[in-house]
Each structure stands twice: as structure tokens, then as C-alpha cells.
Protein chains: 2
Amino acid sequence: MARASQPRSDELTLEVVELIGSVVARYHEEYEEAAAEHALTGAQAGVLNLLARHPLPMRKLAEKLKCEPSNVTGIVDRLESRGLVERRLDPNDRRVKLAAATDEGRRVASGLRGALRFAREPLAGLSDEERRTLRDLLRRMLDDTGDGHAAAG
Amino acid sequence: MARASQPRSDELTLEVVELIGSVVARYHEEYEEAAAEHALTGAQAGVLNLLARHPLPMRKLAEKLKCEPSNVTGIVDRLESRGLVERRLDPNDRRVKLAAATDEGRRVASGLRGALRFAREPLAGLSDEERRTLRDLLRRMLDDTGDGHAAAG
DNA sequence: CCAGTTATTTGACAACCTGAAATATTGAGA
DNA sequence: TCTCAATATTTCAGGTTGTCAAATAACTGG
């Protein structure tokens, strides 16, 4: 509410918006491609990626994915049926089930990251200084429009 | 094939990749939100947006969306049943059907764009010079990883 | 123990997406 | 003209993603 930077529609701004749209589109294309190479859907790849770091309760997984917990059940089911993920019991709370990547799951997740050319190395031709500049600009972009989404994690 | 900028995994690069991921996530969230405000799904909003400019054959629509034509049939069906889109015959080729936004469809598409806060004005706090810098960096990013995708449209 | 809350799952249903098959039209050539 | 391959669209079957409501199980506070 403090201040609101009136919406601008000059050519420059429109072009940047367009470019961001292209980045988003490309990111998604390559993500789906990379997932498909491992016979996974985008959603499955996302979950596997989240679990590759450490196990998570179904609830938390749903929060990260911004969807209903009942939806996560199915995705984890499919990953589990392929042996990429397993459900463990939380010793502290017998209500919760921890979804955890198996060894095989971590292996696939690792291969997945390798295939994420764009997500991993979108910055091919930029120098270190340019990367720093880009980082700062992106930070400010996310901060400024942001209500805290980006800061999570 | 000239040169290939070896994959880098320094902290700076990883952070930029992370930030781009956040941008992508935010873009999608807000896109879905904006669509939902008009009782549309993301896919429907995308199609409506494409058709707001000018009619397109189903085939072209599928190409733009990078999906099978048979999929577009359903999406256009649903938009048509709401009176946002109509199918016209192409006088030049009676095989093709042109999907075209109705007046109401264009009205909704326009409202949709207004609701796309992030997509429209992700740059709230950046000065003109910073926008120029961002534009140049994004251009080079897309160019360098790119095989031509970004140049289209 | 009881009531209320929380975590997960199940079931019904809609949307999205693919792939194969059906239909209609076009266009090139015998 | 007739025929045949190619193209545009749709239909159908089947799988994945997503929502919502209801059921089950376990925790928490009186």
C-alpha cells in the first residue's frame, strides 16, 4: 500500500515482459522434455526433485506444490509404484507419512537435473559481472512485486 | 558449435538459476489466479489470449500451444460453450476451422491482461536503465541457449 | 474419556493431454 | 475425371493432474 509504481506500458517494459514470458515458456518446455526423457511427467519430476534433498510429509509436499494433499497422494503413488519414492512413518506423529526418495529415485533426480540444460545453465554467455547484475535485478523484481512467495523455501 | 561455455555450478550461477525458477513459479501462479478470477483455466486463458489478436486455425493453435490438435478441440469446445470463442469456416480451405474470439471473448481477454499484475508489471521498482540492462541480459540468455524459440511470435 | 483438530486417503468428477482411428477436403497426377 | 496421398479436424479410449467432500486415524486439550 505504501507506494505503487504506476503500471507502465512503454515499449521497453513491454519488451521485458515479453522476454520474461519467453523465459517462462522455455523453462517449462525444457523441464517437461527432461522429465519425459526419464519417463516422468512434469509433476512427478517436481516431486522427485523436492524429495531428492530430504523426505517430506505429504502435507508439506502439497504446500510446496500449492495443491491439495489429495492430489499429492496420486503423484506419490505413481512414483512409489516405480520404486522411485517410498512412504515412511514419522516416529513423532503416526498420522503423517514421510515421502522419501529411494536410492533409485535420487539417481533419477540427479540425471534429471543434468538434463535440465536451460534451468541449469541459462546463462551461457554471461560474464560473472553480468550474472551478478542479473541476480540483483531478479531479486529486486521478486521482492518488489512479491508478498513473500519467493522468500520461502 | 563454436564454443560451449562449460556448465558452471558456482554459487552465483546457482542463485540466478534459483531466482529464475522463482520467477517462473510466480508467473504461473499469477497467471492461474488471473484466469480463475474469470472462471477460466490456465489453458483456456492461454487460448483466449492467442485468439484475442486474430483468428487461428485449430492446427496453428496446437502448434503455438505445443500440443496435439485433438487436445485443442476440447479447450475450444469449452470456450465456445461459454460464448467466448466461435468456430468459423475458412473460405479458402473447407477443411480448416478458424477459432476466433467473440466480442465477449475479447472483453474477457482484456480483463485478463489487466489482472496479470506480475506478467504485466514485474518490474515495479526498476528504473529505465535497469530495465534496459535486464532486457539485454534476458535477450542474450535466450539467444545463447536458444534454438530460435524465443524469436518467434 | 471426549471433542476438536490435523494428516492422509478414497471416491466422484472435470480438465488436460496423447495416440489411433474416422471423416472430409485438398491437390497432384494418370 | 478418378484415384491416391496428404492435410485438418474430430471422436474415442485411457492416463495424469487437479478439486472437493467424506472417511479414517491419530494427536491435543480439557
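The structure displayed is predicted, hence computed values, not measured ones. Numbered from 1 within each chain, the chains take letters A, B, ... in sequence-line order.
Within the 4.5 Å cutoff, the side chain of B:Arg82 has no heavy atoms near those of the B:Val108 side chain. Side-chain atoms of B:Val47 and B:Leu79, non-hydrogen and from C-beta on, do get closer than 4.5 Å to each other.
Protein atom CD of A:Glu33 is 16 Å distant from nucleotide atom P of C:dC17, rounded to whole Å. Note: NZ (B:Lys60) to C1' (D:dT7) measures 12 Å, nearest angstrom. Separating the CD atom of B:Glu63 from the C1' atom of D:dT7 is a distance of 12 Å, rounded to the nearest angstrom. Taking atom CD of residue B:Glu68 and atom C1' of nucleotide D:dA13, one finds them 15 Å apart after rounding to whole Å. Rounded to an integer number of Å, the gap from A:Leu98 CG to C:dA7 C1' is 11 Å. Distance A:Leu56 CG to C:dT8 P: 10 Å, rounded to the nearest Å. Note: CG (B:Asp93) to P (D:dT9) measures 8 Å, nearest angstrom. The distance from atom CE of B:Met58 to atom P of D:dT11 is 10 Å, rounded to the nearest whole Å.
Of the residues in residues 38-49 of chain A, not one places a heavy atom less than 4.0 Å from an atom of DNA chain C. Of all the residues in residues 70-90 of chain A, A:Ser70, A:Thr73, A:Arg87 reach under 4.0 Å from DNA chain C with at least one non-hydrogen atom.
Residues in residues 46-59 of chain A take part in these side-chain hydrogen bond (donor to acceptor under 3.5 Å, both in side chains) pairs, two or more places apart or across chains: A:Asn49-A:Arg113.
Under the side-chain hydrogen bond (donor to acceptor under 3.5 Å, both in side chains) criterion, A:Arg106 pairs with A:Asp103, not counting sequence neighbours. With sequence neighbours excluded, the residues satisfying side-chain hydrogen bond (donor to acceptor under 3.5 Å, both in side chains) with A:Arg107 are A:Glu104. Residues passing the side chain to side chain contact (heavy atoms under 4.5 Å, CB included) test with B:Thr133 are A:Thr133, A:Leu137, B:Leu137, sequence neighbours excluded. Under the rule for a side-chain hydrogen bond (donor to acceptor under 3.5 Å, both in side chains), the partners of A:Glu15 that lie at least two apart in sequence or sit in another chain are B:Arg139. Residues satisfying the side-chain hydrogen bond (donor to acceptor under 3.5 Å, both in side chains) test with B:Glu63, not counting sequence neighbours, are none.
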Just list the side-chain donor-acceptor pairs under 3.5 Å for residues 93-101 of chain B, sequence neighbours left out, or say none.
residue : atom : partner : partner atom : Å
B:Asp93 : OD1  : B:Arg95 : N            : 2.9
B:Asp93 : OD1  : B:Arg95 : NE           : 3.1
B:Asp93 : OD2  : B:Arg95 : NE           : 3.4
B:Asp93 : OD2  : B:Arg95 : NH2          : 2.7

Scan the side chains in residues 83-91 of chain B for donor-acceptor partners under 3.5 Å anywhere in the protein, sequence neighbours excluded, and list what turns up.
residue : atom : partner : partner atom : Å
B:Glu86 : OE2  : B:Arg88 : NE           : 3.0
B:Glu86 : OE2  : B:Arg88 : NH2          : 3.2
B:Arg87 : NH1  : B:Asp77 : OD1          : 3.0
B:Arg87 : NH1  : B:Glu80 : OE1          : 2.5
B:Arg87 : NH2  : B:Thr73 : O            : 3.3
B:Arg87 : NH2  : B:Asp77 : OD1          : 3.0
B:Asp90 : OD1  : B:Asn92 : N            : 2.7

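When the side-chain nitrogen and oxygen atoms of A:Lys97 are compared with OP1 and OP2 of C:dA7, none of them lie within a distance under 4.0 Å.
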Heteroatom pairs (N/O) under 3.5 angstrom, protein to nucleotides 3-6 of chain C:
residue : atom : partner : partner atom : Å
C:dT6   : O4'  : A:Arg95 : NH1          : 3.4
C:dT6   : O2   : A:Arg95 : NH1          : 3.0

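Using a 4.0 Å cut-off between charged nitrogen and carboxylate oxygen, A:Glu130 and B:Arg140 count as a salt-bridge pair.
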